[in-house]
Structure formats: structure tokens, C-alpha cells
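Read the structure below first, then the notes.
This is a predicted model, so every value here is computed, not measured.
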Amino acid sequence: MSFVNAPIRKKDAMSLVTGKPVYTGDLIPQNALVVKLLRSPHANADIESINTAAALKVPGVCCILTWEDVPDARFTTAGQTYPEPSPYDRLILDRHLRCYGDPVAIVAAENEQAADKALRLIKVKYHVMEPLLDFTKAKDNPILVHPEDNFRALCPVGADNKRNLCSTELMDIGDVDEVLKTCDVAVERTFNTKANNQAMMETFRTFSYIDEYGRLTVVSSTQVPFHARRILSNALQIPKSRIRVVKPRIGGGFGAKQSVVSEIFPAIVTLKTGRAASIIYSREESMTNGSPRHQMQMKVRVGASRDGVIRAIDLYALSNAGAYGDHGPTTIGLVGHKALSLYGGLEAARFDNEVVYTNTMGGGAYRGYGATQGIFAVESAVSELAAKLGMDPCVLREKNMVAQGQMMPTYYNEPCNSCTLDKCMAKAKEMMDWDSKYPRRVLENGHIRSVGVAMAMQGSGISGVDIASVEIRLNDDGFYTLLLGCTDMGTGCDTILSQMAADCLDCDFDRIAVRGVDTDFSPYDTGSYASSTTYVTGMAVVKTCQVLREKILKTGASMLNVPPETAEFDGKRVFVPGTDKQVTLEEIGYASYEGHNRCLSASESHSSPISPPPFMVGMAEIDLDPETGKVEVVDYVGAVDCGTVINTNLARVQTEGGIVQGIGMALYEDICYSASGKMESNSFLQYKIPTRLDVGKIRIEFESSYEPTGPFGAKSIGELVINTPAPAIMNALYNATGCFFDTLPVRSEDIFFAMEKKKQS
């Protein structure tokens, strides 16, 4: 391999660092209407009347749409494979407003000033109702978030809008209650996580126009162009054949843009006016009406024998869908199926879950996609179990971790074909110098240094669901064009897939030209989510290159007038070994465009029946000031098994970035609502995320396995890396204070008062 497992620079690196116009906002036509939304000032209200007369008189205002002007067809904005598991519970504009910031009206004007003035002049009379804000009281509550009769779910996910249920599920293996009764030691605790915001640099943004053929073209910062086309078709009630979606460079997504958040509003304006239209969400809009991680409460029971063999885990998870059920039924599944499967010898396991509606902001996809919450809960409970047993938490995990060759009944009965979790644990302990630092030490200034550990796993695409298609063309100068349907959102998948293609075709990396996604030209791909691109699309690249190599060999052999089986292709030429007969790739490329020859191109698809999990061990070293409760992460080490590492540079920065986000979830990021349901964490002044100065050292090593079903033995890495910081930091806090913390984020005052309470007890 010349390019796989190498630190190749990203294809678009120079365009980005030199500030070339590559993002959606850079490409908006100058004559595009500016679209803005009038948003609900109430968490639960009906529109009694709406008067737009004065607003329409504002010079420059071209269009104002209300619920009476849009289709009465419910849909979901969740970018998922059809039929979507998420219920169809939305309208473009609705008379019933279900959360603070729900859209009331769409305004389109020639400029921002006119649009803002029109928003102020729209007169709305609301019938305000009591909001349902506490998701632990949502099920069977008399306040119904979705009382409508045309609510529907395309998949049997257990949705019941008359009970505020978005979905329900139960997985039961063995008799959990009976096994737990016979365990020598057991832990039972309830954990709580907040609705974290992805906080990507580029907010939601879209522009649309009617092309020269009368079709709606939507250019958007989206992770799911093909799903976006279907969702737009459902919402606008026009055929998909009339819609084209184009994805330029994305300025960060982390799952937020796996939902169709902004696309529908300029699209319907363009349909109504025939004009190009654009919308750019403010930071406040992105934080209050985006698609954040789901708030959850998880009750964990874990039991073990006295020698540290974990025998049973019982997990109940309650998820807050918020006002709409986007990604609700699917994120909840990962809470248990990923967390429980870290432990390979369970006699019994149960995973029971419910997703409920409330009058808070709707949830969505965020890196880790439910596994983050579940791993925080289960790993924290396992660390508490280790404390009860008087055992090093690393040793407890080494006794019980899943191993290569095992079947994973809690992970959809899939096999564990590749796993170096044991090596990851050994490497992390070595990097952290765990044995000398565990559990804590007191510094001369009175600060406490302590360490904590956690394991994690994720998946590589959605087994039996995700599909990726790739097309590769040989051009007339002997270079290749790689056409992809997956979306590079800054992760570097265009580069990674080009590396694979270059090695498969035995050519130089620079001979692979790659294009962004356009649903009119790109081959179908479910999109960039579920850690699928390297594994699923990568295998489509490998298969496509194999077919194209055969075509090149056959064409070259024909040009040499020899049977294909007597010739070979080495990436630069087709030749007959032992003779001087040869034809160069450039000559084959030119010939394929001449006369009666065919342009040489191949297109193959790939879907996997399994989703091989990558694994990771993370360890945190913290510095705690016992006088104030202030905690700092001074060192974080991660050892990762993602199969074969395709691009060592990109894998490292992916891991580092995910760890920073996980630290933010553990110690900083706190979404708060007022008593009336208004989100108060609506800017970076209120919603704190860690900077590079807040996270100390981050050190990464890879312990590669070889996944036989993956391209070059690769698995995923993108989501896995966010999952260990929260439970590792909580374990370090216990080792420092003797107090268990079960609610995120943990603030300095929480630590201080917990230590004071412990002193008094």
C-alpha cells in the first residue's frame, strides 16, 4: 500500500486555508431573496389569528407564508433510509406550536432589513396552553404534544401520540432479575444527560432556485443530500424528479445536518415566487431550534460475583424527543445495544426504553448517536461496581471485556470479527502510567490528581440498511474521476476514499479527481452518518476499482491483440510479461474516447449485513481544587482500534476532536429552560464549550485489528471517539473525592457541595 495508512494531506486543504468560496453561504446568488422565520414566543400554543397586511406593505417584502399557504402533509426531517423509523409528525407551518421557536410564518424579502421589519409587523393572536416540559412525566400526561389525528409512523416503533410516546422497545436476554438476585455485589443508579448542542462553526444554511429546466435546485450544507431530496418531496408535495440537491463543502455537522433543518423554507419560497431564495440561521436559531443530542435518563443495575465476573446488566432508558420525533426511535437503540455489548460474558441482559414527546426543542443526531449516553451510564456503573469490589476498574474491565471471536447477543447477534480492546487497555495504561497514578495523589498545593478509565464501542454503518454507490471513470489522459454520494463534512472522506482508489488502481493519489455531491449526477449513497463512510463507501470503492481494472485490462489487451488472460495491468500500462508488448494507461484512456470504443467507467454498490464495532479505551487525569471544586483535565490518553487506519493524520485529529467534545459534555455544556419553556442557553455566552486551552494534553495511539469485511481491514472511527471522556472523568472524580456523580455536566459547585456533604456524613 502506497497511500492507505499514510498521513496524506486533505484534497481540499489549500482551498480551505486560502479562503476560497467553497461553502453554501459563499455561493448564494446576489439576487436571492432573504428568508427569515417568525418564531413562536410560547412553548405550547395555538394560532387563533394571524395578520400579515402591514408586513406585506414593507418595501422589498415579496412573500409571507402562514400555515394556510403550505401543504397539510406531515413528514419527518430525520435523514434516514426509507421508510423512516421517525414518525411523520411535522408540517412546514402548523397552527399548533409545540415548542418555543416553532416557525409561525415565513418572510421573504429583497434584503435582511426589510425581512426583519416585516417580522416585527406581523400580528399574531395566540391561545397559550400549559407546556409539558418534564420528560419524566410525559408518558400518559393529560397534556398531549401531538393530539392530531393525521400523526403516523411508517415503521412499527411503538409510537402512540395519544400517550406522548414516540417509540418503545424491549430487548430481554435471560432472566435478569433472577441473576441479579444471586449476584454477590450489585450497583443500581440513575444517570441523567442533557440535550447537548453540536455547536458546529457553520450554522444551518440553504439557498434554492429554479433551474433552466424548471426544476427546484436546493444547495445546502447537508450530510444527507439524497434523504434531503425525499424529505423535500414529502414536505412540498412535489415529485422527487422535480428536485435536485447539491452539497458544497460543509463547515461542520457532527450529526446536526443529518436532519433537514433549514432546507424547506427557502425551497417553498422559491416554489411560490419563482425566485432564488436563501436562509442563514443565526447562532441563536441554530442553538434553540436545531437538532441537538437527546436528553436522557438511564437507570442501570449491574451485578457481579465477588471475584469480579459481571453476570448481568439491566438498563432502562427514557429519552426526550422534544416537540418532534426526529431520530428518536433510532438514537435510543444505540444506548443499550452499544453499551451492553462491551461486556462479552453476560448471563443475562435487559434493555428497555421509551422515547417521549415534550414541549422542548426537538432532538436529532449528534456524534455518538445514543451510544454516548448509554456508555456514560453503563461505564459509570461498572466503575462504581469496581469500587464496591475494591478492585482496580481496569482489572474489572479486563476480566469482562468482549473479545475477538465472540458472538454479541446484545449487539443484534453479530460476530466480533476484529477486536484489540485488550491491547487498547494495555496501551492506555502504559501511556497514562496508570499503575503509579491510580487512584489519586495530593500535590503540594493541596490539589488532588486522580485518574479514571472507560471503554467504548460504536458501529460501522447500519447493518443491512446503509448502502453506498461509487462511480469511477478513466479519462482521456489516464487520470480518474471519482464520483461519490457520501458527503465530506470536514472529516476528509473525499481524501480517504481517494487514497483507497489510488492503491486499488496502483496510481498516484493526485491522479484521482473527486467531486462533491449532486443528486442529479452522483451515485446514490445514504449519506455521511452512522460512521458509515470509510467502511461502507470504502468497500464500494474497492469493488468499483476491481471492475474498472478488469475493463482497463480487457481494453488494453484488445489494443495489443492478445487475450486478456495473457496480459497484466500494473497501474501505468497493460503489458504482456516477457515481451515488449505494452500500451500505456494514457493511450488506453484516449482510445476509449475514439471511434466505436466505450468510455471506461465502473459503478458498484455496497451494503453490509454486519456493522463491525471499533473499540477504544480512554483515560483521564484530572486536577481538582478541593477548596472550590474546580476540575481541569490535564491529560487524556486514548487507545483506538478502528481496524486498519486509512489516514493517520485524519484519524488522529478525529479522535482528538471527539475527546474535546466529550469533555465538554462532561464538564461544560448545560442546556437550561425557563419555567415557560424558553431555552436560555442560546449563545456561546450561556452555552459553554471547551477551548483548546481547557483540555490539557491529548495523546492518541492506535492498536489496529484487521476487519475482514472492511476495505483494507478498516472499520469506522468518527463517532466512537466521543464516548469515553464523560465516564472516564466521572471515574477520576470518584477517585479524587469518594463521591459518585451521575448527572452531566458536573459543575464545580456540584463537586464542592458533594465533598462538603461527605465530610459531614
Side-chain angles (χ1 to χ4, degrees), residues 21-37 56 60-77 79 82 88 90-93 103 105-111 114-115 204-250 257 260-280 469 471 483-485 487 515-525 527:
V22 296
Y23 297 103
T24 301
D26 300 326
L27 307 175
I28 296 173
Q30 288 188 348
N31 66 338
L33 295 172
V34 174
V35 175
K36 294 212 168 189
L37 303 177
L56 283 167
V61 171
C62 297
C63 175
I64 298 178
L65 303 175
T66 71
W67 64 272
E68 295 179 295
D69 305 309
V70 300
D72 184 24
R74 296 207 176 267
F75 61 96
T76 177
T77 66
Y82 185 85
Y88 279 26
R90 283 184 186 265
L91 297 175
I92 300 173
L93 296 171
I106 304 170
V107 173
E110 299 289 351
N111 55 65
F204 301 100
R205 54 197 59 201
T206 302
F207 70 88
S208 56
Y209 61 92
I210 301 296
D211 71 9
E212 62 273 26
Y213 299 104
R215 297 170 71 229
L216 174 67
T217 299
V218 177
V219 182
S220 190
S221 180
T222 176
Q223 296 173 222
V224 285
F226 287 95
H227 292 333
R229 183 177 64 180
R230 181 185 66 251
I231 292 165
L232 285 163
S233 173
N234 290 340
L236 301 171
Q237 292 292 283
I238 62 174
K240 288 196 285 291
S241 59
R242 286 186 55 199
I243 303 171
R244 172 189 174 200
V245 177
V246 179
K247 181 229 53 114
R249 173 63 51 222
I250 298 178
K257 295 168 184 175
V260 173
V261 175
S262 61
E263 287 83 350
I264 290 165
F265 304 113
I268 195 165
V269 167
T270 293
L271 287 181
K272 294 285 186 179
T273 65
R275 296 274 304 274
S278 68
I279 190 168
I280 296 178
S469 302
E471 182 181 354
L483 298 175
L484 304 170
T487 58
R515 297 302 306 165
V517 184
D518 182 327
T519 56
D520 271 8
F521 308 120
S522 302
Y524 181 81
D525 192 293

Arg74 CZ: over 12 foreign heavy atoms closer than 6.0 Å: yes
Lys257 side chain reached by Ile250 side chain, heavy atoms, under 4.5 Å: yes
From OG1 (Thr206) to CD1 (Ile280), nearest 0.5 Å: 9.5 Å
Distance-minimising heavy-atom pair for Ala115 and Ala109: N-CB, 3.6 Å
Closest contact, heavy atoms only, Phe75 versus Ile92: CE2-N, 3.6 Å
Within-4.5 Å side-chain heavy-atom neighbours: Leu27 and Pro248: yes
Of all pairs that satisfy salt bridge (charged side-chain N to carboxylate O under 4.0 Å, His left out), the ones with a partner from residues 262-274, not counting sequence neighbours: none
Separation between OH of Tyr213 and CG of Asp520, rounded to the nearest 0.5 Å: 10.0 Å
Heavy-atom closest contact (Ser220 atom, Ser262 atom, distance): OG-OG, 4.4 Å
Carboxylate-amine/guanidinium contact Asp26 Arg249, below 4.0 Å: no
Side-chain heavy atoms of Ile268 within contact of Val70, under 4.5 Å: yes
Derivation of the side-chain contact (heavy atoms from CB on, under 4.5 Å) call for Asp518 and Arg244: CA-CA 7 Å; Asp518 182 327; Arg244 172 189 174 200; 2.6 Å; yes
Any side-chain heavy-atom pair of Ile243 and Ile238 under 4.5 Å: yes
Side chain Arg90, main chain Ala235, donor-acceptor under 3.5 Å: no
Residue Gln30 excluded, over 12 heavy atoms near CD under 6.0 Å: no
Contact check, side chains of Ile231 and Thr76, non-hydrogen atoms, under 4.5 Å: no
Gap between atom CD of Glu212 and atom OG1 of Thr217 - 0.5 Å precision: 7.5 Å
Minimum side-chain heavy-atom gap Thr273-Leu33 below 4.5 Å: yes
Check: Phe226 ring centroid to Tyr524 ring centroid under 6.0 Å: yes
Shortest non-hydrogen contact between Ser208 and Pro266, atoms and distance: OG-O, 2.9 Å
Check: Ser233 side chain, Arg229 main-chain N or O, donor-acceptor pair, under 3.5 Å: no
Separation between OG1 of Thr270 and CG of Leu216, rounded to the nearest 0.5 Å: 6.5 Å
Heavy-atom side-chain contact between Tyr209 and Val219 under 4.5 Å: yes
Inter-residue atom distance Arg205.CZ - Thr222.OG1, 0.5 Å rounding: 14.0 Å
Gap between atom SG of Cys63 and atom CD1 of Ile106 - 0.5 Å precision: 7.5 Å
Heavy-atom side-chain proximity of Thr77 to Val261 below 4.5 angstrom: no
Stepwise side-chain contact (heavy atoms from CB on, under 4.5 Å) check, Leu236 with Leu271: CA-CA 9 Å; Leu236 301 171; Leu271 287 181; 3.8 Å; yes
Closest heavy-atom pair and its distance - Ser221, Thr24: N-OG1, 3.3 Å
Salt-bridge criterion met for Glu471 and Arg515 (N-O under 4.0 Å): no
Least distance between heavy atoms, Glu110 atom then Cys62 atom: OE2-SG, 3.4 Å
For Arg230, salt bridge (charged side-chain N to carboxylate O under 4.0 Å, His left out) partners two or more places apart: Glu84
